[in-house]
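The next block holds one structure in the form of structure tokens; read it before the comments.
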Number of protein chains: 2
Amino acid sequence: MEKKELFGRCPYVTAQKVLTGKWSMYILYLLSEGAIRFNELQRRMPEEMTHTTLSRQLKTLEKEGLIIRTEYQQIPPRVEYRLSEVGEKFKSVLSVLKIWGDEYILYLNKTKK
Amino acid sequence: MEKKELFGRCPYVTAQKVLTGKWSMYILYLLSEGAIRFNELQRRMPEEMTHTTLSRQLKTLEKEGLIIRTEYQQIPPRVEYRLSEVGEKFKSVLSVLKIWGDEYILYLNKTKK
DNA sequence: CCGGATCCAGCTAGATACTG
DNA sequence: CAGTATCTAGCTGGATCCGG
């Protein structure tokens, strides 16, 4: 009996793995509104996140094929990030996720109080 | 200027945190088909996952309010897990996520080959 | 049958410093 | 402006053993 590797076969396990990064969903959300530059992205991220972390997460998402990095040869440098084709399709997940997330926050407030 | 804590305020960051567990989505998917006992759950999980890990993840999801644990006082013991009310609402996310996950797997196969 | 307690290894986010 | 290199601390998944 061989090992049951579900990554690449099960949509849930595969999606889970892609979304492990602590900020991946929020990054994808910001990118879902259009191409955005590195610094602008960082400014919109929570303060506790450093540019090192952001850079690493972006690289991971790029390697996974969800986002596309475009570098314009200028001085000063200009780099833009945007969703790839598969990344664009993820928008549908984001919209449903937003609805659920808001409901969950409501739930949290009800029980915490 | 105070710290911008987005958990509990931003739906994406909040959802992300809830779904950090390595198997959370897959567990929620299995539970989305109805109440299920511990052992049955474990049997449906990938082999590489031990009961210790499963137990811990279930406890986390229970604490987060996504699932409900019901213990029947019997010999031998019988424990069932099912989705809570907020957990049930997560099904909509799961269905969209499945669609995207499958598309992403297709994408992976196209590029890897 | 359904776990808890413990320990350990690996990952990864964050801090800091440096660069074209 | 947009990063990389390096180091560290903390989390967490997995293994093993014990228990009601």
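Within every chain, numbering begins at 1; the chains are lettered A, B, ... in the order of the sequence lines, protein sequences first and strands thereafter. Just so it is clear, the values below take in all heavy atoms, side chains as well, and ignore hydrogens, waters and symmetry mates.
Using cut-offs of 30° and 60° for the angle between ring planes, the A/Tyr29 and B/Tyr12 rings count as parallel.
Side chain A/Thr52 to base C/dT16: a donor-acceptor pair is found below 3.5 Å.
Counting non-hydrogen atoms under 4.0 angstrom, B/Tyr81 reaches the backbone sugars and phosphates but no base. Looking at heavy-atom distances under 4.0 Å, A/Glu71 makes no contact with the nucleic acid at all. At the heavy-atom level, B/Ser55 lies under 4.0 Å from the strands shown only through sugar-phosphate atoms. Residue-level contact check: A/Gln57 touches the backbone only, with heavy atoms under 4.0 Å from sugar-phosphate atoms and none from bases.
The CD1 atom of A/Ile67 sits 14 Å away from the C1' atom of D/dA2 (whole-angstrom rounding). Rounded to whole angstrom, the span from the CG atom of A/Leu58 across to the C1' atom of C/dA13 amounts to 14 Å. Atom CG in A/Leu54 sits roughly 11 Å away from atom P in D/dA2 (whole-Å rounding). Rounded to whole angstrom, the span from the CD atom of A/Glu40 across to the P atom of D/dC1 amounts to 11 Å. Distance CZ (A/Arg37) to C1' (D/dA2): 9 Å, rounded to an integer number of Å. Rounded to an integer number of Å, the gap from A/Glu80 CD to D/dC1 P is 14 Å. Atom P of nucleotide D/dG19 and atom CD1 of B/Ile75 are separated by 18 Å, given to the nearest angstrom. Per the geometry, CD1 belonging to B/Ile36 stands 14 Å off P belonging to C/dC1, to the nearest Å.
Contacts between residues 10-29 of chain B and DNA chain D, defined by a heavy-atom separation under 4.0 Å, are made by B/Gly21, B/Lys22, B/Trp23.
Counting only Watson-Crick and G-U wobble pairs whose two key distances fall under 3.5 Å, DNA chain C forms stems of three or more stacked pairs at C:1-20 with D:1-20.
The pair B/Glu33-B/Arg82 does not meet the salt-bridge criterion, since no charged nitrogen lies less than 4.0 angstrom from a carboxylate oxygen. Between A/Arg69 and A/Glu71, at least one side-chain nitrogen of the basic residue sits less than 4.0 Å from a carboxylate oxygen of the acidic one, meeting the salt-bridge criterion.
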Handout entry: salt bridge (charged side-chain N to carboxylate O under 4.0 Å, His left out) between B/Glu40 and B/Arg37, intermediate numbers included
Key = CA-CA 5 Å; B/Glu40 176 67 13; B/Arg37 297 181 59 174; over 6 Å; no

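Taking a 6.0 Å sphere around CD of A/Glu85, one finds it holds 12 or fewer heavy atoms contributed by other residues, nucleotides or ligands.
Close to D/dT12, at under 4.0 Å from its OP1 or OP2, lies no side-chain N or O of B/Arg56. At the phosphate of D/dT4, OP1 or OP2 sits under 4.0 Å from a side-chain N or O atom of A/Lys59.
For the 3.5 Å distance criterion, the side chains of A/Thr53 and A/Thr50 qualify, holding a donor opposite an acceptor.
Residues A/Gly65 and B/Tyr107 share a closest heavy-atom pair of CA-OH, 3.3 Å. Of all non-hydrogen atoms in B/Lys98 and A/Pro11, the two that sit nearest each other are O-CB, 3.6 Å.
The nucleotide whose nearest atom lies closest to any side-chain atom of A/Thr50 is, among C/dC2, C/dG14, D/dG14, C/dG14. Considering only the side chain of A/His51, C/dT16 comes nearest among C/dT16, D/dC17, D/dC1.
Between A/Leu19 and A/Leu28 the shortest side-chain heavy-atom distance falls below 4.5 Å.
Between B/Ile67 and the options B/Glu62, B/Gln57, B/Lys59, a side-chain contact (heavy atoms from CB on, under 4.5 Å) holds for only B/Glu62.
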